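Below is one structure, written out as structure tokens; the observations come after it.
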Amino acid sequence: MQSTLSSKLHIGIIMDGNGRWASRRKLSRLRGHEAGVEAIRRVVEAAPQQGVGTLTLYAFSSDNWRRPKAEVSALMALLRSYLANEIESLRRNGVRLTVIGRRDRLPDGLAAAIEDAEIATKSGHRLHLRVAIDYSARDAILRAATQASQLTDLTRERFAELITGEAEFRDVDLVIRTSGEKRLSDFLLWESAYAELHFTERMWPEFDAEDLAEALRSYHLRERRFGGLQAAPSELALTS
Ligand code: IPE
Ligand code: IPE
Ligand code: MG
């Protein structure tokens, strides 16, 4: 089943702008994060119908621990309730959920909710939803490098497996970042080596199925060359 999913697109989303969306409405930042969870529901529902096989969502970066304690605790509680409330509908919709990032610094309740959700959804084959929590791409690469130092016949594929924890892994095709910011903020650095980038002014709580479709339309208009050349008719003639 995983092989079917890895033949479809892998999209990574840096879900940014919850706080700004809320403060523009004179709401608390927490209300912004709550509205962000609604956007997650919309996108997870829409993604499989739009040709997406793997969706990696950046929910909490390892640098987000620098935020005020109250916001961090609220985010942890929100992630825990998202996982607990969503398990059944993810399972019904064929979504396999896995979480990437460090688990040892998470509150016990959240770590348990992650395990429950991963076990309950493990046979999902319509969409692989990866949620990045306490995630840092540089830390993931560093951990893989530590493990790799024991190996003698290291290949790119094997190293990618150590970084991602997945044997059959598709690189990221498209990274979307909301809220107008144009940076990667330590998200999927290895996996996005040839990813197309889509930046939108839309704040994450407003993001919906149509925004995803628009990002995908722009993606499909691009020409991915991976360092090669555009296949022009004359060149095709030379190789045939
Ligand atoms: C993204 O929204 C959610 C997390 C990083 C957890 P922000 O909270 O970063 O929202 P802004 O960037 O302050 O508007
Ligand atoms: C990136 O957003 C992390 C997530 C979306 C979870 P941030 O809002 O934390 O990133 P910076 O600090 O603006 O780069
Ligand atoms: Mg932000």
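Indexing begins at 1, ligand by ligand and atom by atom, following the structure's order. Heavy atoms only: backbone and side chains are in, while hydrogens, waters and symmetry mates are out. On a predicted model such as this, the values are computed, not experimentally measured, just so you know.
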> When rounded to the nearest 0.5 angstrom, what distance separates CG in N64 from OG in S61?
Replying inline: 3.0 Å

>> I'd like to know if atom 2 (O) of ligand 2 has any protein heavy atom within a distance of less than 4.0 Å.
In response: yes

> Among M203, R29, R24, whose heavy atom sits nearest atom 13 (O) of ligand 1?
Replying inline: R29

> Which ligand 1 atoms are under 4.0 Å away from a heavy-atom of R20?
Replying inline: 11 (P), 12 (O), 14 (O)

> Taking everything shown except R156 itself, do over 12 heavy atoms lie less than 6.0 Å from its CZ?
Replying inline: no

>> Using a 4.0 Å cut-off to any heavy atom of H33, which atoms of ligand 1 qualify?
In response: 3 (C), 8 (O)

>> Measuring only between side-chain heavy atoms, which start at C-beta, is D211 closer than 4.5 Å to I176?
In response: no

> Got an N/O contact under 3.5 Å between S185 and ligand 2?
Replying inline: yes

>> Using a distance threshold of 2.8 Å, state whether an N, O or S atom of D16 lies below it from the Mg ion (ligand 3).
In response: yes

>> Looking at R170 and K8, would you say the former's side chain and the latter's main chain have a donor-acceptor pair under 3.5 Å?
In response: yes

> Does some side-chain heavy atom of R80 sit less than 4.5 Å from a side-chain heavy atom of M76?
Replying inline: no

> Got a sec: does the CZ of R20 have more than 12 other heavy atoms crowding it under 6.0 Å?
Replying inline: yes

>> Checking a contact table here: which protein heavy atom is nearest atom 9 (O) of ligand 2, and how many Å away?
In response: N64 ND2, 2.9 Å

>> Between E71 and P68 (side chain of the first, backbone of the second, donor and acceptor by atom type, cut-off under 3.5 Å), is there such a pair?
In response: no

> Does S179 reach ligand 1, in the sense of a heavy atom lying below 4.0 Å from it?
Replying inline: no

> Heavy atom under 4.0 Å from ligand 2: found in F60's side chain, backbone, both, or neither?
Replying inline: backbone

> Who's the nearest protein heavy-atom neighbour of atom 12 (O) of ligand 2, and how far?
Replying inline: R183 NH2, 4.7 Å

> Are any non-hydrogen side-chain atoms of R105 and S62 less than 4.5 angstrom apart?
Replying inline: yes

>> I'd like to know whether ligand 1 has A59 as a neighbour, heavy-atom separation below 4.0 Å.
In response: yes

>> Using a 3.5 Å cut-off on N or O atoms only, is N18 in polar contact with ligand 1?
In response: yes

> Tell me, do L110 and L83 make a side-chain contact under 4.5 Å, heavy atoms counted?
Replying inline: yes

> Who's closest to atom 10 (O) of ligand 2 heavy-atom-wise, of M15, R67, R177?
Replying inline: R177

